[in-house]
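In what follows, every chain begins at residue 1, and chains take the letters A, B, ... in the order their sequences are listed.
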Amino acid sequence: MRYALALAVLVASSTVTRADEKADCDYLEIAASNGKAPAMDGELKPLDKKLKKPPFASWNTFHKLSGGPVALVKQKADALKLAQGGASILLRDRSEKKLELTVSIDGADGKRVLDNKQSVPIGEWSMFVHTAKDDGHILALTCK
Amino acid sequence: MSAKRDLDFMEHADGELETELAGDGRAKVEAVKELGELVRGRLERAADDVPEARFAAMWSEIDKSIGKPMVKSQTLPVLADTTPSATGLWSRIGRFLDTYRSQIITGAISAGAVAALALVLRGNGDPATHRNGSDPIDVQRVSHRPAEIEDLDTPGGTGTVFNLDDEDGSTTVIWVTPEDTVEGI
């Protein structure tokens, strides 16, 4: 009986610990530009409304460069495989409602574009944009 | 002579001889009786000290022999072939449950309590925390609130932070414009 109780406590505590220690994120890397005709990849539908609003509306062509899920583990930086430049995300902490993230983005030339610490509500999108000449590079990230 | 006398004393002590003894002889008979009591008591204690585990093993063997299929009887061949094995299995299960009933109940209650605790600590099962099928970016929000920017460093550029609110939620945008750009956003 003691062993059963200990096992049950162990399972419960490990479940709780696991939920507190990780986050499941999805990201989209987008190239924004101006073309002859407006175009937007179907995979960008979750961001469709936002990309049609200013200041994004200054571009009319949006192509997905890369994207997918990324599983974050607390205090372990994860590098995103971007088509242009690089990015890393660190889950510093999390609660039931918020995630504390550190995001670093490097440009295609390898130079650091931004370092950011933010506390983002679970499920909301964060978008990181940097411009080069007339084109834009967008990294959109959402985590839960 | 001495051996014969000792035998007499033992017979006296056992009540088999009823002759008068001198004072020295009575003392020896009393000593023999006392020694007999001591030996008897020692043997009884030894019997009491047989380990419980040994008795349990003995009972287990008895139970096994009870649970085994009976020897086939020529007069009742059908009963001997079918009934005893099933009865033996269920009777063993029944005995097991009887023996460990309190432990089983305690374990079940403990497991239930811990499971309830885990569910409470895990949250209320909000659908926002569930992954939706294979679509990696179809995510529901818990609330529509912008992110809090704690720190922003944009080397070689200018950073601008704003929020885009719509029915899908609040999106925080960090827009970095290079220093050499004449006109910002």
Is Lys111(A) in contact with chain B via its backbone, its side chain, both, or neither, using a 4.5 Å heavy-atom distance? neither

Under 4.5 Å between side-chain heavy atoms, counting indirect links through other Ile/Leu/Val/Met/Phe/Trp/Tyr residues: same cluster for [X] and [Y] or not?
X: Leu117(B); Y: Ile109(B); result: no
X: Leu91(A); Y: Val70(A); result: yes
X: Val29(B); Y: Leu35(B); result: no
X: Val113(A); Y: Leu90(A); result: no

With rounding to the nearest 0.5 angstrom, report the [atom1] to [atom2] distance, [X] to [Y].
X: Phe128(A); Y: Leu152(B); atom1: CZ; atom2: CG; answer: 9.0 Å
X: Thr177(B); Y: His130(A); atom1: OG1; atom2: NE2; answer: 11.0 Å
X: Leu47(A); Y: Asp168(B); atom1: CG; atom2: CG; answer: 9.5 Å

For Val129(A), run the side chain to side chain contact (heavy atoms under 4.5 Å, CB included) check against Val176(B), Thr160(B), Ile174(B), Val173(B) and tell me which one passes. Val173(B)

Is a side-chain N or O of Asn116(A) found less than 3.5 angstrom from the main chain of Asp151(B), in a donor-acceptor match? yes

Can you tell me how the ring of Trp175(B) sits relative to the ring of Trp59(A), calling it parallel under 30°, perpendicular over 60° and tilted otherwise? parallel

Considering all heavy atoms of both residues, which atom of Leu164(B) and which atom of Pro54(A) are nearest to each other, and what is their separation? CD2-O, 3.9 Å

Could you tell me which non-hydrogen atom of Glu150(B) sits nearest to which non-hydrogen atom of Gln118(A), and how far apart they are? OE2-C, 3.8 Å

Is the number of heavy atoms from other residues, nucleotides or ligands under 6.0 Å of Lys64(A) NZ greater than 12? yes

Look at atom CG of Asp109(A) and say whether more than 12 heavy atoms of other residues, nucleotides or ligands are closer to it than 6.0 Å. yes

Would you list the atom pairs, donor with acceptor, under 3.5 Å between side chains in residues 72-89 of chain A and any protein atom, with sequence neighbours excluded?
| unit_1 | atom_1 | unit_2 | atom_2 | d |
| --- | --- | --- | --- | --- |
| Lys74(A) | NZ | Asp93(A) | OD1 | 3.1 |
| Gln75(A) | NE2 | Arg92(A) | O | 2.9 |

Criterion side-chain hydrogen bond (donor to acceptor under 3.5 Å, both in side chains) against Thr171(B), the qualifying member of Glu124(A), Lys53(A), Lys50(A): Lys50(A)

